[in-house]
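Chain letters run A, B, ... following the sequence lines, proteins first and then strands; every chain starts at 1. Reckoned from all heavy atoms, side chains included, excluding hydrogens, waters and symmetry mates.
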Amino acid sequence: MEATIRLQEVTKRFRKVTAVERLDLTIPPETIFGFIGPNGSGKTTTLRLILRIFYPDAGRVEVLGRDHGAAADDRIGYLPEERGLYRKMQIRELLLFHAALKSNRQAGPEADRWLQRFELSHYANKKVETLSKGMSQKIQFIAAVIARPQLLILDEPFSGLDPVNMEVLRDAILEQRRQGTTIIFSTHDMDVAERMCDRIGMIFRGQKVLDGTLESIQQQYGQDTIRIRTDANGLLINNLPGVDKVNDYGQYQELRIRPDSDPQQILQQLISHTRVHHFEIARPSLHDIFIRIAGPAVQHSTEAQHV
Amino acid sequence: MSKALVIALREYRAMVRTKAFLISLVIMPVFMGGGIVAQVMMRDQVDVTDRRVVVIDHTGVLLPQLLEAAQARNTYAIFDPDTKAQKEPRYILQANENQPVDDALRLQLSERVRKHDIFAFMEIDAEALHGSAPWETTSAPAAPPIRYYAENLVYFELPHWLESSLAMIIPAQRLRSHGVDPQLATIALSPINVESMNLLTNAAPGGSQAPTSSNRMINFFVPMGIMMLMFMAIMMGAQPMLSSVIEEKQQRIAEVLLGSASPFHIMLGKLLGNVGISLTLVSVYLFGGYMIARQNGYAHLLPVHLIAWFIAFQILAVLFFGSIFIAVGAACTDIKEAQAYMMPIMLLLVMPLMIWVVVLRDPLSDFSRYLSLFPPATPMLMLLRISASSGLPIWEPIVGILLVLISTVLAVMIAGRVFRIGILSQGKAPKIGELVNWVIKG
């Protein structure tokens with residue numbers, strides 16, 4: 001099956017700053033692709049390259065079978081990170097405007113269906129400025145999907161949403177995927193990425209550092225993580241031999257062990273000091289992998305190398 | 001293109017629904033109508049209080065003739081011929097009876113003026129009758145032989161009447177003193193009026209149209225009104241684009257639009273929308289203006305070719321200035337930042353308003369021609385010239401419109417490049433050098 005998106009050796013520079021460097025990325029159709037990376041790593045630039053808002057300085061960007069053409073393919077829906085709606089427009093009119101921009105002049109029933117689904121029907125003739133932040137975000141989402149896109153690009157779709165609205169939006173995104181839409185979304189929420197995405201890609205300082213399914217990514221990092229819950233609440237585990245790093249999440253702790261360490265010995269040491277309620281040899285979480293790649297230790301070591 | 005039209009339609013709808021548009025649509029006719037009403041009311045509200053003037057006549061012969069002229073005026077010239085109502089004040093001249101005539105007397109009369117006992121006083125020296133030939137003038141300027149003193153020197157009518165009356169009386173008196181028959185002197189000095197006429201046109205078959213007398217004020221105000229309407233059309237059409245683009249940047253709407261349309265289509269849509277807004281506004285005014293002109297018999301002053309030129313220039317001017325405003329809006333993040341860039345552009349825009357009188361006075365001069373071929377000024381000044389003179393060679397507006405067209409295409413291209421980069425840039429506005437870089441490298 002032909003890939004929905006194929007980036008080959010793509011580089012984009014802004015004056016002296018290289019935002020994206022020799023990026024290769026392939027996203028198959030009908031998948032949810034999670035795009036992670038620290039702030040300023042090049043996620044939004046990559047999304048804008050896919051949308052052809054930016055053009056690459058080098059490399060090839062192929063989207064939905066086309067590697068040329070002006071911006072704004074009508075088959076792509078886009079929800080940018082910075083939300084923006086005309087505040088003085090009526091909501092239904094605004095949605096029809098966005099549909100018309102995607103060459104869909106018959107979007108009335110679709111707009112009504114989405115408004116009903118998001119329980120916003122009685123706001124249809126109200127102005128955007130009367131909406132709360134969560135409502136605006138939902139309207140913005142409808143604007144992105146109203147023309148039934150084949151590819152949906154969502155830049156931080158869940159930021160600032162309460163759990164209820166987050167669930168509503170998540171269901172809507174999953175429904176889009178079921179209907180055959182390929183979805184790319186960038187997020188800082190690793191839990192969401194783990195739970196929702198078929199594939200995950202991470203970009204750090206303009207370069208791709210992770211790409212694959214969650215399982216394949218976790219496999220790269222091996223089973224070097226032990227998740228524990230004890231009565232000591234993390235107080236006694238800082239100096240355990242064979243442990244490289246401890247992440248204390250309050251209710252449980254994650255220990256990253258050295259490759260030559262034996263988990264059984266660590267368990268024995270723990271039992272000798274405290275009561276152990278939970279002991280699990282696990283793969284590292286996406287959060288942990290993210291920190292390993294882009295955490296302060298890496299930042300400091302690279303900075304030191306540059307000095 | 002259809003995306004540009006979708007954006008244009010949204011811009012148009014958004015603008016025509018604003019209070020600012022409705023106010024500007026209504027306010028101009030209200031001002032114009034109000035001006036006419038005010039004039040009518042003012043005409044009825046003229047102050048007809050008697051104007052008393054003390055005349056110190058050192059010649060001993062002029063005052064009786066002045067009194068006679070004032071009497072004639074007060075009897076015949078100050079009443080409306082239709083309503084018979086008094087429309088101007090009476091001028092009551094009084095001889096000075098106090099001696100000696102010195103500064104103490106002048107001070108005393110000045111006090112009487114300040115106390116509103118009299119309106120003014122005038123002193124006529126005996127030398128006023130002598131006159132002198134140009135070759136007899138001495139190098140040292142003498143004191144003026146006739147002096148008018150008043151508190152309100154802005155009230156021109158009275159000194160003007162005194163001057164024109166004396167301009168009749170004194171030469172006649174001089175001729176009489178040289179033995180010329182008084183009746184002959186009066187006939188020789190009777191005033192001559194030059195009536196301004198419109199040029200003849202070959203309208204009627206078998207003969208030319210009868211010449212019609214022309215109203216100088218109308219010939220002055222119609223070109224001015226046409227030019228002002230163009231200025232307003234540009235301001236209403238182009239200026240809102242600055243705030244619209246800045247708003248779209250500030251509220252991050254631009255990126256949403258860029259997900260659906262190319263920067264060029266967005267810009268084109270905005271320009272077309274604003275051309276539509278400006279055309280709507282001008283159509284209303286031109287229609288209203290034409291109806292008023294027709295009502296008053298001046299429809300010939302708004303011929304079809306003038307309206308066609310107006311619309312052609314208006315569309316190009318809105319596109320030209322609009323694209324500049326769009327570029328400035330895209331380059332800046334708020335109105336404050338934009339103001340620094342706006343100053344030179346506004347100067348270009350208002351430049352015709354500073355020099356239009358010179359152009360109107362001599363629309364066919366080289367100065368007027370060159371100035372009206374300077375593209376930013378062409379729409380206003382060329383229209384001024386077209387409406388002021390029927391003798392304007394046709395090639396001039398054609399060259400003018402071609403130059404504006406080329407400038408507009410260039411402006412749209414340059415603005416397109418600035419818009420494409422600027423619309424997504426946040427933070428500090430670029431320096432001029434950076435802007436130039438955007439334009440060159442795209």
A/R170 and A/F158 have their tightest heavy-atom pair at N-CE2, 3.9 Å
Tightest non-hydrogen contact, residues B/M241 and B/K270, listed as SD-O, 3.9 Å
Honestly, the part of B/I7 sitting under 4.5 Å from a heavy atom of chain A is both
CD1 of A/I50 to CD1 of A/I184, rounded to nearest 0.5 Å, is 4.0 Å
- Message: Looking at B/L403, is its backbone amide N or carbonyl O close enough to the side chain of B/S407 to form a donor-acceptor pair, meaning the two atoms are under 3.5 Å apart?
- Response: yes
Worksheet item: Within the side chain of B/T408, is there an N or O that forms a donor-acceptor pair under 3.5 Å with the backbone of B/L319?
Response: no
So, the part of A/F14 with a heavy atom under 4.5 Å from chain B: the answer is neither
Applying a strict 4.5 Å limit to non-hydrogen atoms, the region of A/L101 in contact with chain B is both
* Stacked cation flag B/R10 on A/Y86, 6.0 angstrom / 45 deg -> yes
Contacts of B/Y290 meeting side-chain contact (heavy atoms from CB on, under 4.5 Å) (sequence neighbours excluded), chain-then-number -> B/R294, B/A299, B/L302
- [ ] Give a yes-or-no answer on whether the side chains of B/Q314 and B/S278 include a donor-acceptor pair shorter than 3.5 Å.
- [x] yes
Ordered numerically, the heavy-atom neighbours of chain B under 4.5 Å found in residues 103-142 of chain A are A/S103, A/R105, A/Q140
Assert top hit (heavy-atom pairs under 4.5 Å, partner chain B, pool A/A144, A/A143, A/P80) equals A/P80
